[in-house]
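Following: one structure in structure tokens, then a few remarks.
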Amino acid sequence: MSDPPALVTDRGQLAEVIDRLTAAECYALDTEFHRERTYWPRVALVQVAWPAGPAGPAGLALIDPLAVDLAPLAEVLAGPGVMVAHAAEQDLEVLNRACGRVPSRLLDTQIAAGFLGHASASLATLSLSFLGIEVVKGDRLTDWNHRPLTPAQLRYAAGDVEHLLELADTLAAALEAEGRLGWAEEECELVRCRATQPTNPARAWWKLRDARSLRGDSRGVAQAVAAWRETRAQRVDQPLRSVLPDLATQAIAHNPPTTLAGVAKVRGLDTRYLRDGVAEEILAAVAEGRRLPDDRLELPPSDEVNRELRPAVALAAAWVSQLARDERIDAAVLATRADLAAYLRGDPAARLRQGWRAELVGEQIGRLVSGDAALAFDGHGGLVLEARSHHPVRRAETPTAS
């Protein structure tokens, strides 16, 4: 792209773009945002592209949210068109915040590529691999809030959507040929729906480094204090670390203070964190956590299994790695260790009990654990899951001396 596209900076221009997007069966979308100093992402640019159709030729636009309200984009998101994005999870959060909704349909090219053996690949990598196109690279630390944006910034931003629809078509064709397009669509739908689920402050303490090792009242205190921190960070729109550092949150859970003087001595805290009645709020959260009944405690999901099933996790993980190589699918897409543990624990919500994973992975692991299947080397350095013979190999008897 030699000349960068102009910015959309008024409602009339935005209305024209929305007309083109709503008329398209699919459209590409990407966002640039910052959240280093805020809790909520602050969107600084929205890039969109659409294919040629009855409404006119293909096009690309850069929308400036610092100059025009993005709320009308909700009409596009609510429509039947498929939004194509790359690594869309954070873009969905931005859209939900700016427009009040996420798209009704989604194709994430990073997810789609995972079903073709490309693990968490960048847009540049996929564009080169599937289209032979080098995407313009820019400074990932650029300040997108600064105006005016430079021509280099505009070209870089446009490059994120310029070939995205072509890439999606190519990936979809390859997935269709492999019989995996439905799998990718199912996975994209999970990501799309997850973006609409609000953060549960009661589970914020799960992100603490030692959450699973806490015991007794420490768990209730950790839950209450982390929930307070999450809620306050949302309200004042500051990063969690600016409200209360992780180190201080963990220190409070392990050794809960009971006085204002005790709060002031917590490791990782200083006076800048304790302004505007924050110390009193921390004490109130500590007291709430100590009184928290067991039935209100939100325990983090365990990735452990019973001792007798631990060897099964190792066996299943080895087979999943082999299956990923055989099927050319990212192993993390197939099953994580947590997925294997959840399945072996009998968790009904385990991902390996649902959808395409149940058929490809879950059912086979079930056969392995039940003793109906066995793992063996295939003679070429690989593993194969096969029907068990039920004839165990026994040590040959040592001949007796005559």
Side-chain angles (χ1 to χ4, degrees), residues 87 89 108 110-121 174-175 178-191 193-194 197 203 206-207 209-213 298-395:
E89 200 150 0
D108 187 323
Q110 187 177 75
I111 291 174
F115 288 94
L116 297 170
H118 292 261
S120 302
L175 288 167
E178 296 284 347
R180 297 174 183 173
L181 181 57
W183 298 357
E185 290 173 340
E186 184 179 320
E187 201 68 12
C188 290
E189 178 64 7
L190 291 175
V191 170
C193 292
R194 189 162 61 237
Q197 299 168 0
R203 295 179 179 177
W206 294 3
K207 300 174 185 177
R209 185 178 59 185
D210 60 352
R212 287 181 172 81
S213 66
E298 293 274 357
L299 294 175
S302 172
D303 58 359
E304 294 301 320
V305 296
N306 293 335
R307 183 182 299 273
E308 61 272 16
L309 283 176
R310 289 175 188 171
V313 175
L315 277 176
W319 175 69
V320 165
S321 294
Q322 182 66 55
L323 181 65
R325 291 191 292 271
D326 293 343
E327 298 289 338
R328 295 193 311 112
I329 298 178
D330 180 6
V333 171
L334 280 180
T336 64
R337 188 189 185 284
D339 289 328
L340 296 173
Y343 179 87
L344 292 171
R345 286 198 309 270
D347 184 348
R351 293 202 303 171
L352 299 186
R353 298 185 183 278
Q354 303 171 32
W356 62 272
R357 285 188 180 86
E359 180 180 353
L360 185 64
V361 185
E363 292 177 7
Q364 309 310 318
I365 292 176
R367 294 184 63 207
L368 180 66
V369 175
S370 68
D372 293 329
L375 273 179
F377 287 104
D378 63 5
H380 303 285
L383 291 173
V384 61
L385 188 69
E386 58 188 19
R388 187 178 165 199
S389 68
H390 295 277
H391 295 295
V393 176
R394 303 185 187 281
R395 186 183 64 177

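Positions are given from 1 along the sequence. Just the heavy atoms: all of them, side chains too, but no hydrogens, waters or symmetry mates, feed the values below.
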If I compare all heavy atoms of W206 with all of A211, which pair ends up nearest, and what's the gap?
O-CB, 3.9 Å
Straight-line distance of L340 CG to L309 CG, nearest 0.5 Å:
12.0 Å
Would you check if the side chain of R388 reaches a backbone N or O of R367 as a donor-acceptor pair within less than 3.5 Å?
no
Name the orientation class of the two ring planes belonging to W356 and F115 (parallel below 30°, tilted from 30 to 60°, perpendicular beyond 60°).
perpendicular
May I ask you to decide if G117's main-chain N or O and D330's side chain share a donor-acceptor pair within less than 3.5 Å?
no
Between S213 and D210, the two heavy atoms sitting closest are OG-O, 2.8 Å
Heavy-atom side-chain contact between I365 and L344 under 4.5 Å:
yes
Working to the nearest 0.5 Å, report the span between CD of E186 and CD1 of I111.
11.5 Å
Please name the pair of heavy atoms, one in D339 and one in L352, separated by the smallest distance, quoted to 0.1 Å.
O-CD1, 3.8 Å
Nearest 0.5 angstrom please: L375 CG to L383 CG, how far?
5.5 Å
Straight-line distance of E363 CD to Y343 OH, nearest 0.5 Å:
7.5 Å
Any side-chain heavy-atom pair of E89 and R194 under 4.5 Å:
yes
Backbone N or O of Q110 within a donor-acceptor pair of the D108 side chain at under 3.5 Å?
yes
Side chain of R212, backbone of P301: donor and acceptor closer than 3.5 Å?
yes
R351 side chain vs A335 backbone, donor-acceptor pair below 3.5 Å
no
Looking at R180 and R328, what are the two nearest heavy atoms and their distance?
NH1-O, 3.7 Å
Determine, stepwise, if the pair R325 / Q322 fulfils side-chain hydrogen bond (donor to acceptor under 3.5 Å, both in side chains).
CA-CA 5 Å; R325 291 191 292 271; Q322 182 66 55; 3.0 Å; yes
For the backbone of A374 and the side chain of E386, can you confirm whether one donor and one acceptor N or O come within less than 3.5 Å of each other?
no
In the structure I gave you, are the side-chain heavy atoms of Q364 and L323 within less than 4.5 Å of one another anywhere?
no
Would you check if E187 and R357 make a side-chain contact, meaning some heavy-atom pair closer than 4.5 Å?
yes
Got more than 12 heavy atoms from elsewhere within 6.0 Å of CD, E359?
no
Which pair of non-hydrogen atoms, one from A373 and one from L368, has the smallest distance, and what is that distance?
O-CD1, 3.7 Å
Over all atoms of both residues, closest heavy-atom pair of R310 and V305
NE-O, 3.6 Å
Can you check whether W183 reaches L360 side chain to side chain, under 4.5 Å on heavy atoms?
yes
